[in-house]
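Here is the structure we will look at.
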Amino acid sequence: MSPSTLKIKQMALARLIKEEKLYKQELEEQQALVSQLKNDANADKYSLKTQIQILEESEKMIPAIHLKVKDHLNDLKAFLEKYDGTEPTEEAKKAIEDAEKLF
């Protein structure tokens, strides 16, 4: 049996929330690495430059994932407003709460 539309929308939003947390974690780790390289007098300049580029790319991912979360959040909210099925909606409502905490 394939998942319902409600379940698909809820799982997509939950996945994006998880991705956002991972991007933030990656950003923090990259900031620490860049900071460490900047403080290391023996650090290779090319390596520092590369890590700074990676940091900048990581910083750009946060707003992009926020847009995706907002889109999926609004989609799930609109779906729930019209939903009249028998499937429980607790998980979807929890995903909505989790997504709203990001903003």
Side-chain angles (χ1 to χ4, degrees):
M1 183 174 175
S2 62
S4 67
T5 304
L6 173 64
K7 190 70 171 174
I8 292 170
K9 291 179 181 295
Q10 177 262 317
M11 289 176 8
L13 182 57
R15 178 184 51 81
L16 288 171
I17 292 166
K18 184 177 180 180
E19 278 185 39
E20 192 268 351
K21 289 178 184 176
L22 291 173
Y23 281 128
K24 282 187 174 180
Q25 180 182 355
E26 179 183 320
L27 180 63
E28 290 173 8
E29 291 170 359
Q30 194 62 31
Q31 287 171 331
L33 179 59
V34 167
S35 179
Q36 180 184 4
L37 288 173
K38 284 182 178 180
N39 293 331
D40 184 359
N42 297 326
D44 179 39
K45 290 182 181 184
Y46 178 75
S47 177
L48 175 60
K49 182 179 177 182
T50 302
Q51 295 304 321
I52 289 173
Q53 288 174 338
I54 293 170
L55 175 62
E56 290 169 351
E57 289 175 17
S58 296
E59 288 172 339
K60 292 176 185 176
M61 291 307 298
I62 303 293
I65 197 73
H66 280 173
L67 287 175
K68 289 181 181 181
V69 169
K70 283 181 185 177
D71 287 345
H72 281 74
L73 173 63
N74 292 334
D75 185 41
L76 182 56
K77 281 182 176 180
F79 181 81
L80 281 178
E81 286 177 10
K82 298 175 183 176
Y83 183 69
D84 61 353
T86 59
E87 190 175 358
T89 59
E90 289 79 23
E91 287 183 30
K93 290 177 181 176
K94 171 80 168 87
I96 288 172
E97 287 176 22
D98 291 345
E100 288 176 337
K101 289 178 186 176
L102 300 177
F103 307 105

Verify same cluster id: Y23, L67 (apolar side-chain graph, 4.5 Å) = no
Test side chain to side chain contact (heavy atoms under 4.5 Å, CB included) applied to L48 and K45, step by step = CA-CA 5 Å; L48 175 60; K45 290 182 181 184; 5.6 Å; no
Look up atom CD in Q31 and atom CD in E29, then write down how far apart they are to the nearest 0.5 Å.
-> 10.5 Å
Do L80 and I96 touch side chain to side chain, with heavy atoms closer than 4.5 Å?
-> yes
Atom NZ of K24 and atom CG of L22: how far apart are they, to the nearest 0.5 Å?
-> 12.0 Å
If you round to the nearest 0.5 Å, how far is CG of D40 from OG of S35?
-> 11.0 Å
Look at the side chain of Q51 and the backbone N and O of Q30, then say whether any donor-acceptor pair between them is shorter than 3.5 Å.
-> no
Between NZ on residue K77 and CD on residue E100, distance to nearest 0.5 Å | 4.0 Å
Per-pair distances, 0.1 Å, donor-acceptor, side chain in residues 53-66, under 3.5 Å, sequence neighbours excluded:
unit_1	atom_1	unit_2	atom_2	d
S58	OG	E26	OE2	3.1
S58	OG	I54	O	3.0
H66	NE2	E20	OE2	3.1

What's the spacing between L13 CG and D71 CG if we round to 0.5 Å?
-> 11.0 Å
On a heavy-atom basis, the closest approach of A99 and V69 is CB-CG1, 4.0 Å
When you check the gap from the basic side-chain N to the acidic O, do E19 and R15 get nearer than 4.0 Å?
-> yes
Without swapping roles, check the side chain of T89 against the backbone of A92 for a donor-acceptor pair under 3.5 Å.
-> no
Just wondering, do T50 and Y46 contact through their side chains at under 4.5 Å, heavy atoms?
-> yes
Sub-4.5 Å side-chain heavy-atom contact between Y83 and T5 = no
Close side-chain approach of D44 to L37, heavy-atom, < 4.5 Å | no
Atom pair CD1/CD of I17 and E97 - distance to nearest 0.5 Å = 10.5 Å
Does some side-chain heavy atom of E91 sit less than 4.5 Å from a side-chain heavy atom of K7?
-> yes
